[in-house]
Amino acid sequence: MEKKEDKMTEAKLFAAHIDSEGNEQSVKDHLTGTAKRTGEFAAEFGCREMGYHCGLMHDIGKYSAAFQKRIHNPEKYGKVDHSTAGAKETNNPLEGMVIAGHHSGLMDGGNRITSFTGDGTYFGRMKSAIPDYSNWKEDLSEILKCNFRMKLPDYVRNGGFSAAFFMRMLYSCLVDADYLDTERFMDKDKAENRSGYDTFETLIGKFNGYIESWLNPAEPVKPLYQCRTKILKECMEKGELFPKGLYTLTVPTGGGKTTASMGFALRHVGAHNNMKRIIYVIPYTSIIDQTAETFSSVFGRSNVVEHHSGLILDLDENNCDPWQIRNVLATENWDAPVIVTTAVQFFESLFSNKSSKCRKLHNLCNSVIIFDEAQTLPVPYLKPCIAAIAQLVQNYGATAVLCTATQPALGSYFREYMSDLELQEICGNCSKEENAVFERVTINNLGVLTKAQLESKLNEYNQVLCIVNRKATAQELYHCLGGDGWYCLTTLIYPAERKKKIAEIKQRLKDGRPCKVISTSLIEAGVDLDFPVVYREEAGLDSLIQAAGRCNREGKRPKELSEVFSFSLEEESNPSMEQSRGALRETMRKYEKVNSLDAIAFYFQYYRELLGQENLDEKGLVKIWDQKENLFPFATAARLFKMIEDDTRTIYIPADETAGEYLRRIEAGYADRATYRKLQQYGVPLPEYQFQKMMEQGLLKAVTKNVYELNDMRSYDSQTGLQLEVEMGIGIFFD
């Protein structure tokens with residue numbers, strides 16, 4: 001019987017991939033297909049030819065006899081390095097690092113002299129011996145006759161943060177092109193179904209239908225609604241008139257800024273023909289459920305991607321299993337017209353070195369990016385986040401909108417990274433009288449309470465919202481107080497179940513029935529609820545004002561009877577909040593009306609003074625790119641940038657037949673992108689230590705290498721979610 005490897009050597013084609021039916025894609029076909037896509041993606045920031053060249057060179061290592069033996073007989077032959085070859089041929093660290101890391105991730109550059117083989121750096125890789133791949137020149141001879149003009153943009157030439165950001169964007173173009181071309185071969189049906197989104201002209205028409213009742217009400221409306229409509233109209237007008245750039249949208253809580261900012265974005269995209277999508281970034285302390293649901297109802301679910309999954313799948317360059325490759329190819333690349341995501345997902349992707357997280361970054365080019373509640377950007381990473389936003393606006397055609405009711409003074413920080421652009425306010429024409437319309441609550445400070453005192457106060461009301469800082473506190477209070485009309489909302493409850501609870505809460509509030517909610521901060525942004533009274537455990541002033549936005553939201557009650565109470569719990573301590581609490585207390589001492597513009601400005605200034613300027617880039621992530629001993633330390637930066645310091649894992653709750661079906665499809669290798677999107681609705685994020693504890697207790701089952709499901713539903717309570725001894729945790733939905 002003829003040996004498998006002998007048959008391979010007689011083949012005319014060098015194989016890049018082999019699908020589940022044994023069909024082969026040639027290396028040449030894969031390289032040219034990837035090169036074309038990479039060039040198209042990189043053309044968005046003026047680097048088509050460099051992108052094409054990266055795509056053409058990225059897999060020339062597959063021309064080696066060693067790789068061909070491996071791909072035709074993976075059971076017999078071991079791993080083969082095929083990513084280093086293209087990097088060696090470029091002899092250019094900027095392009096070479098992009099190519100060398102297209103599977104394993106962007107690595108630290110290391111040092112040209114001191115790096116050594118096997119140290120995990122780019123220069124170490126360049127010193128390693130790899131199998132002969134010389135057949136590539138003959139197979140690609142016609143293409144290589146072209147003269148590639150590898151001109152770098154001016155902003156890259158000086159190195160530093162700008163050059164590193166450019167490399168990550170180029171890397172994103174290559175990785176996504178590689179994934180998509182592989183998918184084109186491995187699963188043609190799936191590849192063909194990736195498009196089919198509505199045009200922005202169609203989406204603008206749908207939005208106009210949605211706001212028709214705002215613009216042309218059937219009957220006279222109250223001043224509150226008149227002000228919301230005025231804000232919306234101004235935002236849409238400015239969206240058409242304003243050039244691409246950096247903007248603030250300062251709208252009081254309850255002013256309809258979600259709709260107004262989307263109105264600005266749609267008109268802005270319509271006015272600038274090369275703009276591709278709208279990305280709505282929700283605060284990292286909140287959930288994206290309701291915002292995504294609202295946009296889906298307006299634009300159609302197929303046009304909106306809701307991305308908060310903690311799932312990370314990277315394509316192993318030595319993986320020859322067609323089913324595993326399909327799973328990896330199903331990960332998200334943000335090619336839809338409307339994206340709703342979290343600040344954690346957004347910024348950690350911008351500083352990541354992993355292919356699965358970086359593949360979507362090029363789709364930020366020529367997009368409108370709305371940062372909801374911009375004041376919640378985490379202070380230890382404030383400067384890196386601002387530097388990244390500045391890059392997107394200045395060099396990649398994006399328009400950024402910092403949208404908040406409590407606008408922090410960020411102009412001076414932006415000027416450090418984009419001196420020629422100024423922050424410009426979108427909606428600056430509201431009079432004092434109009435702003436007064438949004439003053440719908442009275443804020444009081446109760447000082448220190450015991451849990452027993454808090455429980456007693458909450459029991460006095462028919463309808464009340466209480467927001468606490470820890471998931472454990474929320475669960476404990478619910479178990480002490482819970483009954484008919486009581487609800488607990490934390491990220492320990494999977495999103496699909498949370499949505500049901502929020503819908504029930506809305507209906508109870510509307511009907512005037514008993515409705516008492518214990519929640520973490522996830523409810524403070526993007527959740528449209530209207531309570532007569534709100535209690536907020538002491539955090540920062542911005543959190544207090546956001547909590548106040550859930551009280552008398554529609555202005556139907558006198559503000560004197562719509563009370564918001566700030567309190568601290570005697571038994572609770574949270575060192576990470578000491579500065580924000582201290583700044584809040586000082587603001588309360590100095591200002592009787594803590595939600596005034598003067599009080600807000602004082603709070604942010606005082607808060608940053610408490611922290612110190614050196615703590616606005618705690619890990620040195622802006623200057624790390626200037627060091628000489630380790631060129632472009634991508635892997636190091638990725639380890640340092642963690643908006644949530646604890647590593648997290650997402651586990652999935654098989655709460656019903658639908659969730660079980662998604663998990664079984666993934667287990668069998670039949671999952672597509674839609675499956676992973678839908679499965680997000682059953683995910684619960686856990687800190688790594690809690691994940692490991694549950695694994696040790698046998699409570700989790702590995703569906704695949706990166707997907708885990710709860711193995712014992714007795715550990716999940718339908719009222720309070722996953723049952724854990726939670727030691728910490730603001731209500732955060734990770735990734």
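We're numbering straight along the sequence, starting at 1. This structure is a prediction, so every number in the text was calculated from the model and none was measured.
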Just do the side-chain contact (heavy atoms from CB on, under 4.5 Å) check on Ile600 and Asp542 with the steps written out, would you? CA-CA 8 Å; Ile600 292 167; Asp542 51 331; over 6 Å; no
Return yes if a side-chain donor-acceptor contact under 3.5 Å exists between Gln681 and Glu497, otherwise no. no
Side chains of Asn353 and Tyr171: donor-acceptor distance under 3.5 Å anywhere? no
Backbone N/O of Ser349 and side chain of Arg168: donor-acceptor pair under 3.5 Å: no
Test item: Leu529 and Ile505 side chains (from C-beta on) under 4.5 Å apart, heavy atoms: yes
Got Gln424 and Leu246 here, is their nearest side-chain heavy-atom distance under 4.5 Å? no
Measuring from atom OH of Tyr247 to atom CD1 of Ile426, what distance do you get when rounded to the nearest 0.5 angstrom? 7.5 Å
Using a 3.5 Å distance criterion without hydrogens, assess whether the side chain of Lys244 forms a donor-acceptor pair with backbone atoms of Thr399. no
Checking the side chain of Asp372 only, and the main-chain atoms of Thr258 only, is there a donor and an acceptor separated by less than 3.5 Å? no
Using only heavy-atom distances, determine whether the side chains of Lys383 and Asn615 contain a donor-acceptor pair under 3.5 Å. no
Side chain Gln394, main chain Tyr417, donor-acceptor under 3.5 Å: yes
Tell me the closest heavy-atom pair linking Cys403 and Lys257, and the distance in Å. SG-CD, 3.7 Å
Please answer whether the main-chain N or O of Ser566 pairs with a side-chain N or O of Glu537 as donor and acceptor at a distance below 3.5 Å. no
If you apply the rule ring-ring contact (aromatic ring centres under 6.0 Å, His included), what do you find for Tyr494 with Tyr682, and how did you get there? CA-CA 5 Å; Tyr494 62 88; Tyr682 296 89; 5.3 Å; yes
Please report the shortest heavy-atom distance between Glu234 and Cys427, naming the atom on each side. OE1-SG, 3.4 Å
Test Tyr487 against Arg498 for side-chain contact (heavy atoms from CB on, under 4.5 Å), laying out the working first. CA-CA 10 Å; Tyr487 293 87; Arg498 260 198 328 257; over 6 Å; no
So, do Pro633 and Trp625 sit near enough that their side-chain heavy atoms are less than 4.5 Å apart? yes
Checking the side chain of Arg359 only, and the main-chain atoms of Val175 only, is there a donor and an acceptor separated by less than 3.5 Å? no
Check whether NZ of the Lys or CZ of the Arg Arg550 lies under 6.0 Å from the centre of the six-membered ring of Phe531 and within 45 degrees of that ring's axis. no
Once rounded to the nearest 0.5 Å, what's the spacing between atom CG of Leu350 and atom CD of Gln391? 10.5 Å
Interatomic distance, OG1@Thr520 vs CD@Gln475, rounded to 0.5 Å, equals 10.0 Å
Measure the spacing between CD of Gln290 and OG of Ser297 and express it to the nearest 0.5 Å. 10.0 Å
Tell me whether Lys642 is salt-bridged to Glu618, with the criterion being a basic N under 4.0 Å from an acidic carboxylate O. no
Would you say the side chain of Ile386 lies within less than 4.5 Å of the side chain of Arg415, judging by non-hydrogen atoms? no
Test side chain to side chain contact (heavy atoms under 4.5 Å, CB included) applied to Ala547 - qualifying residues, sequence neighbours left out: Ile467, Glu524, Val534, Arg536
Angle between ring planes, His268 versus Phe264, binned at 30° and 60°: parallel, tilted or perpendicular? parallel
Between Phe165 and Tyr396, does the ring centre distance come in under 6.0 Å? yes
Does atom NZ of Lys678 have more than 12 heavy-atom neighbours from other groups under 6.0 Å away? no
Set of side-chain hydrogen bond (donor to acceptor under 3.5 Å, both in side chains) partners for Ser580, sequence neighbours left out: none
At what distance, to the nearest 0.5 angstrom, does CZ of Arg267 lie from CZ of Phe200? 14.0 Å
Side-chain contact test, heavy atoms from C-beta onward, threshold under 4.5 Å: evaluate it for Tyr197 versus Ser302 and give yes or no. no
OH on Tyr662 to CG on Leu679, rounded to 0.5 Å: 8.5 Å
Have Tyr381 and Lys619 got a donor and an acceptor in their side chains that come within less than 3.5 Å? yes
Judged by atom type as modelled, is there a donor-acceptor pair below 3.5 Å linking the side chain of Ser355 to the main-chain atoms of Gly105? no
Measure from the ring center of Phe371 to the ring center of Phe347 and say whether it is less than 6.0 Å. yes
Mind checking whether Tyr708 and Phe691 have ring centres under 6.0 Å apart? yes
Does any N or O in the side chain of His362 come within less than 3.5 Å of the main-chain N or O of Cys173, such that one atom is a donor and the other an acceptor? no
Evaluate the salt bridge (charged side-chain N to carboxylate O under 4.0 Å, His left out) criterion for residues Glu306 and Arg301: first the C-alpha distance (whole Å), next the side-chain angles of each, then the deciding distance (0.1 Å), finally the verdict. CA-CA 9 Å; Glu306 177 183 351; Arg301 192 166 297 279; 5.1 Å; no
Let's go through Glu538 and Met577 carefully: what are the C-alpha distance in whole Å and the side-chain angles of both, what is the deciding distance for side-chain contact (heavy atoms from CB on, under 4.5 Å) to 0.1 Å, and is it a yes or a no? CA-CA 9 Å; Glu538 194 177 60; Met577 287 188 172; over 6 Å; no
Counterpart residues, side-chain hydrogen bond (donor to acceptor under 3.5 Å, both in side chains), relative to Glu586 (two or more places apart): Arg589
Specify the closest pair of heavy atoms between Leu361 and Met169, including all atoms of both residues, with the distance to one decimal. O-CE, 3.3 Å
Evaluate salt bridge (charged side-chain N to carboxylate O under 4.0 Å, His left out) for Arg649 paired with Glu688, printing each intermediate quantity in order. CA-CA 6 Å; Arg649 302 278 195 102; Glu688 181 67 27; 3.1 Å; yes
Side chain proximity check, Leu616 to Val379, heavy atoms < 4.5 angstrom: yes
Criterion side-chain contact (heavy atoms from CB on, under 4.5 Å) on Arg470 and Val468, from CA distance to verdict: CA-CA 6 Å; Arg470 298 171 65 243; Val468 295; 5.9 Å; no
Side-chain (Arg277) to main-chain (Ala336) donor-acceptor, under 3.5 angstrom: yes
Examine distances only and state if a side-chain atom of Asn303 and a backbone atom of Phe299 form a donor-acceptor pair shorter than 3.5 Å. yes
Tell me, do Val340 and Ile282 make a side-chain contact under 4.5 Å, heavy atoms counted? yes
Side-chain contact, heavy-atom cut-off 4.5 Å: Phe634 with Ser352? no
Run the numbers on Lys360 and Gln345 for side-chain hydrogen bond (donor to acceptor under 3.5 Å, both in side chains), then give the verdict. CA-CA 11 Å; Lys360 57 183 170 284; Gln345 177 71 252; 3.3 Å; yes
Which atom pair, heavy atoms only, marks the closest approach of Leu402 to Leu423? CD1-CD2, 3.9 Å
Can a side-chain donor-acceptor contact be found between Glu425 and Thr248 if the only test is distance below 3.5 angstrom? yes
